[in-house]
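Scroll down for the structure; my scribbles are underneath it.
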Amino acid sequence: MQNYDPKKIEAKWQKFWEKNKTFEVTENPKKSAQGGSAAVGKFYSLIEFPYPSGEGLHVGHPRPFTAMDVIARKKRMEGFNVLYPIGFDAFGLPTENFAIKTGQPPAEVTKKNIANFTRQLKSLGYSFDWSRVVDTTDPKYFKWTQWFFLQFFKHGLAYKKNQPINWCPKDKIGLANEEVVQGKCERCGTAVEKRDKAQWMLAITKYADKLLDGLKEVDYITPARVQQENWIGKSEGAEVKFALSNVILSEAKDLSGERLDSSVSPQNDNSVKELTVFTTRPDTIFGVTFIAVSAELAKGWIDRGWKPEKKIIEYIETTLKERVATEDQDEKEKTGIAAGFNATNPVNNETVPVWITNYVMGGVGTGAIMGVPAHDERDYEFAKKYNLPIKEVVVGTNVQEKAFTETGEVVNSDFLNGLPTPEAKEKMIQWLEEKKIGHRKINYKLRDWVFSRQRYWGEPIPLVYCEACAGWIPVPESELPLKLPKVEKYQPTDTGESPLAAMTKWVNTTCPKCGGPARRETDTMPNWAGSSWYFLRYTDPHNDQEFASMEKLKYWMPVDWYNGGMEHTVLHLLYSRFWNEFLYDIGAVPTREPYKKRTSHGMILGPDGEKMSKSRGNVINPDEMVEKFGTDAFRTYIMFMGPFDQAVMWDTNGLVGVRRFLDRVWNLQEKLTGVGHVILSGAKDLRGESLDSSSTSRRTQNDKHTTLLHQTIKKVTRDIGSMAFNTAVAALMQLTNELAKEEKISTSDYQMLLKLLSPFAPHISEELWEKYGDGKTLAFSPWPTYDEALTKEATLTIAVQVNGKVRATIEVAADASEEAVKQKALTEENVLKWIAGKEPKKIIYVKNKLLSIVV
RNA sequence: GGGCAAGUGGCGGAAUUGGUAUACGCGCAUGGCUUAGGACCAUGUUCCGAAAGGAUUGAGGGUUCGAGUCCCUCCUUGCCCACCA
């Protein structure tokens, strides 16, 4: 027997899989390369496709990839027609920045990076269908990304809006709200500024309710579901109009197109006579003692002719500046300034002052709130600071000392008195609606999606602006893809325009509608665009007539199991669900929800327990590990290192241990009965047991050996299903250790071990299967089944407790009667000693587990 | 501040519905095999104690014959969100 030589074996099988197209699938399993018999069903397993960075594969990538590979391989053995595709999300800033630095065209850099990633991924033995690779930067792919954008546009869900955006002065790029982390650019950490810029928007907010509802019908891990719910942030309440005591504007101005419309009455004379607030607690409206408005809202008034005192203008300006720059929001104190006029509470005609404050956000609700210090903590804090009255309207704790925010009985509220909070809320909304001073309103935290970037390396937005037609005209679908022109410089211009803006030849075009002169949109799409539909393309990647045929979509969709990082559970998951639901509504895809099940993996940390990063010097290179220990050991270790959903530290010593395990599996060959024979289907081993690969051990006795085999099958099967890979590997180690103790091992037992091991360590398993298997490919051999009865041990060890402490253990036959166990226990010396002649008060028997005697 | 996880040997971590805490791996120790080994094999390894025995799952309390697991109070760490009215 030769020593285990992973390098040789792994190269051999990777070549074999590639040559035989082992993992390429079709919708008709009979025609597929390997699926000889009709499949029990389809299984679409998906991982988040990687961004092909210049650094190559990071050791973090293999964790989800290997996990889904294990699941996909097991599903194949269980008879499913398994699609496990791979692709590259290749548009993006790092490549563009690299191009800016070196002058190399991003397309070429991307090509090189993808080649390197492909080599690395292939060396890890993943069972990807390599015939379906997608690349988001391929014009054949982004043709459809652009097509989808046009569908959004045609259905009124894409619109251009001139609004303040988050602007990163370093990257010279507009950022979505979600790309701003604590006032800083998510990518480079530079403080973000506000800047006005016309941006393409996607109206994801129109899908807020659908996105929320859809979560009920899918199986997402709880944190993923909760995060999506929180991000959408639905709150139910009411909008209420408060009349203002004096008209604050005087000059007539053009009001069109501003977001402030919703909070200002549409008066011809442009005066602001009333103010709309949003509240989730209309039941507390009798407790209003002030009105708080955001600095953004007040700024809008000034823009439209309000002339307040100088200190008010100064306050507004400072607050707006702070809004973006603030780092430690923890210590941010609430501030405010009286606006100098009052509002009238419509329910009781009380006059309350209007304050401009820093704790009300311009972009939330109407940008104005009613201050109820007795029942809202923030209002309370503010009222205390500025000595505003606190009026109790819900019975609870002393509201002069602390805001009472829970539900209770309403008081001091006229017709609401005596009602519990929820009923008061309903009654008040109805009353407001009757009197036409307010109405029920559902509010969302979710904002529309800023969909344009002033960048080169992204999908061009396929629209032209025509003066004659006075608007944005779509590029005809027949002219897609609209390719990126070759440019000299990839750097965005100082004005913030995309590098494409400098390409006058490309920009100046003709209007598809009237034929007159027109200008192309020079913004490109964000990173998220290509990844919002890639799972659809995998089902039909070479289709040049449609993004995917309905027939293929119907076969493969929805994705059965999608695993990805927690960092993508909010944005990518929400965006791609939005696209899919929109496509479902226009009849382009067959399922409303794209993903049936979503799980997440934890991060792999460096050996020092810190996040891996170049600057810390704690980065582990997968290539190096594979070179040293072999792919199978690497894969198996990744699965063994800890609970899949938790962060784990890298420890190369642990990898050594797994390699030892594989060596042991390899060495078991020596103990095999009938070594050297290729065992064919229908053959029997030396014990006369069938070696039919679909059977497991045929022995029916509950001997220790058989029990362990069946227990292992059960445990590994179940653990893979629940992503408890670490304990599945542990069970395989345990079985291997037990088999190593025996003098001879039956070939059927060995076959079973190889099958269970193969999803984790496919190369060594195939190699050994070639020698000791049934002559077919292990990858499609039936997964072992177990007999529940045979997982039970024949004799059991029962713990005997006296007063809660284990004093003895006794061996009894399985399912022994309580009486028999009791009698045996009461003959144990140590048990008698602790009972010390006393009469047992109580004896509790837990079947097959323990006997508890209380004296 | 809010939400969600999680705290178990020297280390990574196991432990169906409450039922023998510490599986599996690392490390360490002793022995074997070897010219040698950082290779391999065997045995041992939660802590205290010579032993009998006792203690032990972040801290404290509770329910129970019995709690790592359930309940209450508190502490710590990680992740996500952050004045959402």
Side-chain angles (χ1 to χ4, degrees), chain A residues 3 178 181-182 221-227 229-231 233-235 237 277-282 284 292 294 323 326 329-330 332-334 357-361 363-372 375-379 381-382 443-446 566-567 569-570 600 602-603 605 609 637 640-643 645-658 660-661 663-664 667 715 718 722 724 726-737 740-741 797-809 840-855:
Chain A
N3 280 339
E178 41 271 33
V181 178
Q182 296 193 341
I221 47 164
T222 312
R225 200 198 63 240
V226 170
Q227 278 189 31
E229 282 168 356
N230 290 345
W231 192 262
K234 183 176 183 170
S235 54
V277 302
F278 173 70
T279 177
T280 53
R281 293 294 302 274
T284 61
S294 61
R323 180 84 86 224
T326 316
Q329 304 205 13
D330 274 338
K332 192 164 163 188
E333 207 185 325
K334 291 183 176 50
T357 74
N358 68 341
Y359 79 96
V360 177
M361 302 287 119
V364 179
T366 62
I369 63 162
M370 56 183 216
V372 187
H375 305 291
D376 181 280
E377 276 163 26
R378 291 153 306 202
D379 295 347
E381 202 185 309
F382 188 78
N443 216 34
Y444 299 95
K445 279 203 302 200
L446 188 67
M566 273 316 283
E567 69 273 24
T569 52
V570 173
S600 269
M603 242 189 313
L605 306 171
Y637 172 62
F640 180 63
M641 51 198 305
D645 57 352
Q646 277 170 42
V648 281
M649 254 186 271
W650 181 269
D651 176 15
T652 305
N653 281 329
L655 185 47
V656 173
V658 172
R660 276 183 204 147
F661 158 60
D663 277 322
R664 235 171 290 151
N667 293 335
K715 181 143 184 68
R718 239 184 16 190
S722 60
N726 53 335
T727 50
V729 174
L732 290 169
M733 287 173 167
Q734 210 165 345
L735 176 64
T736 303
N737 291 344
K741 281 180 198 159
T797 310
I798 303 269
V800 182
Q801 296 184 340
V802 179
N803 286 344
K805 293 220 181 276
V806 178
R807 296 302 178 185
T809 56
K841 250 194 245 166
K842 207 176 191 183
I843 298 181
I844 293 143
Y845 178 57
V846 182
K847 199 176 166 195
N848 295 343
K849 285 216 167 115
L850 64 69
L851 186 77
S852 182
I853 302 169
V854 188
V855 297

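All chains are named by letter (A, B, ...) in the order of the sequence lines, taking the proteins before the strands, and each is independently numbered beginning at 1. Atoms considered below: every heavy atom in the structure, side chains included; atoms not considered: hydrogens, waters and symmetry mates. These numbers were taken from a predicted model, which means no experiment stands behind them.
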Less than 4.5 Å apart, any side-chain heavy atom of W650(A) and any of Y637(A)?
yes
Starting at the 5' end of RNA chain B, what dot-bracket string do you get if Watson-Crick and G-U pairs under 3.5 Å are bracketed, crossing pairs use [ ], other-strand pairs use | and unpaired bases use dots?
(((((((..(((......[....)))((((((.......))))))(((....)))..(((((..]....))))))))))))....
Going by heavy atoms in the side chains, are D379(A) and I369(A) under 4.5 Å from each other?
yes
Can you give one letter per nucleotide of nucleotides 25-47 of chain B, going 5' to 3': B for a protein heavy atom under 4.0 Å from the base, S for sugar-phosphate only, - for none?
SSS-----------SSS------
So does K805(A) get a side-chain nitrogen or oxygen closer than 4.0 Å to the phosphate oxygens (OP1/OP2) of rG19(B)?
no
Between C1' on rU20(B) and CG on N848(A), what's the gap in Å once rounded to a whole number?
14 Å
Taken to the nearest whole Å, CD/E377(A) to C1'/rA85(B) is 12 Å
So what does S852(A) touch, heavy atoms closer than 4.0 Å: a base, only the sugar-phosphate, or nothing?
base
Which whole-number value in Å describes the distance from L605(A) CG to rG13(B) P?
10 Å
How many angstroms lie between atom CD of Q646(A) and atom CG of N726(A), to the nearest 0.5 angstrom?
9.5 Å
Return the nearest nucleotide to the side chain of Q646(A); candidates are rA6(B), rC80(B), rC83(B).
rA6(B)
For atom C1', what is the distance between rC26(B) and rG13(B), given to the nearest Å?
10 Å
What is the distance, rounded to the nearest whole Å, between atom CG of N230(A) and atom P of rG1(B)?
19 Å
Within 45° of the six-membered ring axis of Y359(A) and under 6.0 Å from that ring's centre, is NZ or CZ of K334(A) located there?
yes
Separation between the C1' atoms of rA42(B) and rU46(B), rounded to whole Å
23 Å
Taking rG32(B) as the reference, what is the distance to rA50(B) when you measure between their C1' atoms (whole Å, please)?
29 Å
Considering only heavy side-chain atoms of F278(A), the closest of rC81(B), rU20(B), rA85(B) is rA85(B)
Measure CZ/R807(A) against P/rG19(B) and give the value in whole Å, please.
20 Å
Considering every strand and a 4.0 Å limit on heavy-atom distances, what is the contact class for K841(A): base, sugar-phosphate, or nothing?
nothing
Taking the side chain of V846(A) as heavy atoms from C-beta outward, which of rC83(B), rG19(B), rG3(B) is closest to it?
rG19(B)
At 4.0 Å (heavy atoms only), tell me whether Q801(A) reaches a base, stays on the sugar-phosphate, or touches nothing.
base
By nearest-nucleotide position on RNA chain B, the 5'-leaning member of I369(A) and V648(A) is V648(A)
Should N803(A) and V854(A) count as side-chain neighbours, where that means a heavy-atom distance under 4.5 Å?
yes
Look at the side chain of V226(A) and decide which nucleotide, out of rU20(B), rC65(B), rG3(B), has an atom nearest to it.
rG3(B)
Identify whether any heavy atom of T279(A) sits under 4.0 Å from a base atom; if not, whether one sits that close to sugar-phosphate; answer base, sugar-phosphate or nothing.
sugar-phosphate
Between CG of L732(A) and P of rA14(B) the distance, given in whole Å, is 16 Å
Is S235(A) near enough to rA85(B) that one of its side-chain N or O atoms lies under 4.0 angstrom from OP1 or OP2?
yes
By side-chain hydrogen bond (donor to acceptor under 3.5 Å, both in side chains), which residues pair with R807(A), not counting sequence neighbours?
none
Pick one for rG66(B): is it syn, with its angle within 90° of 0, or anti?
anti
From L850(A) atom CG to I844(A) atom CD1, the distance as rounded to the nearest 0.5 Å:
9.0 Å
So P223(A) and T569(A), do their side chains get closer than 4.5 Å, heavy atoms only?
no
Starting from P on rA85(B), measure out to CE on M370(A) and report it in whole angstrom.
12 Å
Please evaluate the base of rC83(B) for a donor-acceptor partner in the side chain of K334(A) within a cut-off of under 3.5 Å?
yes
For rC80(B), does OP1 or OP2 lie under 4.0 Å from any side-chain N or O of R225(A)?
no
Of the listed nucleotides (rU17(B), rA14(B), rC83(B)), which one gets closest to any side-chain atom of P643(A)?
rA14(B)
Between rU22(B) and rA14(B), how far apart are the P atoms? Round to whole Å, please.
15 Å
Kindly point out which of rA85(B), rA15(B), rC65(B) is positioned nearest to the side chain of T280(A)?
rA85(B)
Nearest heavy atom decides the nucleotide; on that basis, is G233(A) or P223(A) closer to the 5' end of RNA chain B?
P223(A)
May I have the distance from K234(A) (atom NZ) to rG3(B) (atom P), rounded to whole angstrom?
21 Å
Rounded to whole angstrom, note down the P distance from rA15(B) over to rU69(B).
15 Å
Residue pair T284(A) / M370(A), side-chain heavy-atom distance below 4.5 Å
yes
Is the closest side-chain heavy-atom distance between R664(A) and N737(A) below 4.5 Å?
yes
Mind checking the C1' distance from rG18(B) to rU57(B)? Whole angstroms is fine.
15 Å
May I ask you to test the M566(A)-Q227(A) pair for a side-chain heavy-atom distance under 4.5 Å?
yes
Looking across every strand, which nucleic acid part, if any, lies under 4.0 Å from T222(A) by heavy atom: base, sugar-phosphate, or nothing?
nothing
Expressed in whole Å, how much space separates the P atoms belonging to rC81(B) and rU64(B)?
44 Å
Given the C1' atoms of rA85(B) and rA5(B), what is the spacing between them in whole Å?
29 Å
Testing rC24(B), rG12(B), rU20(B) for proximity to the side chain of V806(A), the answer is rU20(B)
Approximate separation, where rounding is to 0.5 Å, of N230(A) CG and R225(A) CZ
10.0 Å
For A799(A) against T809(A), the heavy-atom pair lying closest together
CA-CG2, 4.3 Å
